[in-house]
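One structure is given below, encoded as structure tokens.
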Amino acid sequence: MPLESLNNKKIRMRYVLDKLKNEYPNSKCSLNYNSPFQLLVATILSAQCTDERVNKVTFNMFKNYPTVFKLNELSQKEIGKLIYSTGFYNNKSKSIKKLCEILISKYNGEIPKTMDELHELPGTGRKTANVVLGNAFNIPGMVVDTHVTRITNLLKFVKTINAVKIERELEKIVPHEDWTLFSHLLIDHGRATCIANRPKCQDCILAEYCPSKK
DNA sequence: CTCCCGATAT
DNA sequence: ATATCAGGAG
């Protein structure tokens, strides 16, 4: 019984992935970065903030402070000024300042490549860690953000808003090689069509697979 | 669960 | 006015 329902989800997921890949052939990370460190910082900044705004902030920030060593020359307060417009600037600047210190003292300025090590870093939860693993190091990670949470629930692939549970469920359903791409596809679709609180179901390419279609 | 929090669209 | 934006920490 559980096996049958899992297989059904895997089959339905193949159709959904096929549709999404066809609709968003160039789907990829929309944060701008030139190194694993920059991606980590940009992803921390992206909490409850549009990527567009993060890119505006990091454009100037990474131009003047491109490395962990350069950025660490700034105080928390100075970092806070640079990232102010992304919101939560107090928490984020505190995380980034401490992040720089730990990366330098413990990792010789490099970015660790395991979930456990990344997750211990300030401001770095599983979502951020998986973004870095997948996009900077090509290590497949299931990123569960606001779009993935919303759309996988609407599609009834999962029935929970617990990010870890969603991650575990999706890892069973989505092919391993597509884990990183999957979040990018859903983010693209969430921005273009399956928009929070006003989904454009009439224009949705997934409508025939969506139990929540209006 | 609550708090952190500015920018933007509706 | 209100909801939402590539969440994380306590």
Side-chain angles (χ1 to χ4, degrees), chain A residues 20 24 26-33 36-62 76-103 111-112 115-137 139-154 158 160-167 170 174 178-200:
Chain A
L20 289 172
Y24 310 104
N26 300 314
S27 195
K28 63 179 179 59
C29 183
S30 53
L31 295 167
N32 294 332
Y33 63 96
F37 171 69
Q38 290 188 2
L39 177 59
L40 177 52
V41 172
T43 308
I44 289 172
L45 292 179
S46 73
Q48 296 296 295
C49 179
T50 61
D51 284 13
E52 192 181 347
R53 176 144 299 281
V54 172
N55 286 335
K56 284 181 183 173
V57 166
T58 55
F59 181 81
N60 294 310
M61 187 166 147
F62 293 156
Q76 183 202 327
K77 196 167 183 176
E78 289 170 320
I79 295 173
K81 279 189 176 182
L82 285 179
I83 67 167
Y84 179 81
S85 68
T86 66
F88 299 156
Y89 60 91
N90 228 325
N91 286 340
K92 289 176 181 176
S93 63
K94 192 179 297 180
S95 293
I96 291 171
K97 179 60 186 173
K98 194 85 171 85
L99 170 71
C100 291
E101 294 172 349
I102 293 175
L103 288 176
I111 308 297
M115 168 59 74
D116 287 346
E117 291 173 305
L118 284 166
H119 197 7
E120 284 179 9
L121 298 172
T124 309
R126 294 189 62 87
K127 178 259 178 180
T128 298
N130 276 324
V131 167
V132 172
L133 288 173
N135 296 282
F137 299 131
I139 300 170
M142 187 61 75
V143 173
V144 178
D145 71 335
T146 179
H147 292 292
V148 173
T149 300
R150 182 180 72 257
I151 298 175
T152 56
N153 271 282
L154 287 170
V158 299
T160 173
I161 59 169
N162 182 295
V164 177
K165 290 182 181 175
I166 294 174
E167 204 179 315
L170 291 179
V174 179
D178 285 330
W179 284 6
T180 301
L181 178 62
F182 182 71
S183 63
H184 296 149
L185 290 170
L186 285 199
I187 289 164
D188 281 347
H189 194 60
R191 288 169 175 164
T193 306
C194 195
I195 304 163
N197 273 357
R198 51 185 178 90
K200 294 151 75 174

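No experiment lies behind these values; they were computed from the predicted model shown.
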Ignoring hydrogens and geometry, is there a side-chain-to-backbone donor-acceptor pair from A:Asn55 to A:Ser30 under 3.5 Å?
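Answer holds: yes.
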What integer number of Å spans the P atoms of C:dA6 and B:dT2?
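Straight-line distance between the two P atoms is 24 Å.
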Measuring from atom [atom1] of [X] to atom [atom2] of [Y], what distance do you get when rounded to the nearest 0.5 angstrom?
X	Y	atom1	atom2	value
A:Ile96	A:Met61	CD1	CE	5.0 Å
A:Leu40	A:Leu118	CG	CG	7.0 Å
A:Leu103	A:Ile111	CG	CD1	4.5 Å
A:Ile83	A:Leu45	CD1	CG	5.0 Å

Have a look at [X] and say if it touches a base, only the backbone sugar-phosphate, or nothing, with a 4.0 Å heavy-atom cut-off.
X	answer
A:Thr86	nothing
A:Ser30	base
A:Thr128	sugar-phosphate
A:Leu45	nothing
A:Ile195	nothing
A:Asn90	sugar-phosphate

Rounded interatomic separation in angstrom, taking [atom1] from [X] and [atom2] from [N]:
X	N	atom1	atom2	result
A:Asn32	C:dA6	CG	P	14 Å
A:Ile44	C:dA9	CD1	P	9 Å
A:Leu118	C:dG7	CG	P	18 Å

Which nucleotide sits closest to the side chain of [X]: [options]?
X	options	result
A:Tyr84	C:dA6, B:dA7, C:dG8	B:dA7
A:Ala196	B:dA7, C:dC5, C:dG8	C:dC5
A:Cys29	C:dA6, B:dG6, C:dC5	C:dA6

Parallel, tilted or perpendicular, judged at 30° and 60°: which one describes the rings of A:Tyr89 and A:Tyr84?
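Correct class here is tilted.
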A:Thr146 vs C:dA6: side-chain N/O to OP1/OP2 distance below 4.0 Å
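A:Thr146 to C:dA6 OP1/OP2: no side-chain N or O under 4.0 Å.
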Per-pair stack call A:Phe88 and C:dG7, 5.5 Å, 30°
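Taking the rule of under 5.5 Å and under 30°, the ring of A:Phe88 does stack on C:dG7.
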Criterion side chain to side chain contact (heavy atoms under 4.5 Å, CB included) against A:Val131, the qualifying member of A:Thr124, A:Thr180, A:Val143
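In the set A:Thr124, A:Thr180, A:Val143, the residue that makes a side chain to side chain contact (heavy atoms under 4.5 Å, CB included) with A:Val131 is A:Val143.
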Using atom names, set out every protein N or O paired with an N or O of nucleotides 8-10 of chain B below 3.5 Å, distance rounded to 0.1 Å.
from	atom 1	to	atom 2	distance (Å)
B:dT8	OP1	A:Arg53	NH2	2.8

Taking the nucleotide of DNA chain C with the closest heavy atom to each, which residue, A:His119 or A:Cys49, is nearer the 5' end?
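Closest to the 5' end, via its nearest nucleotide, is A:Cys49.
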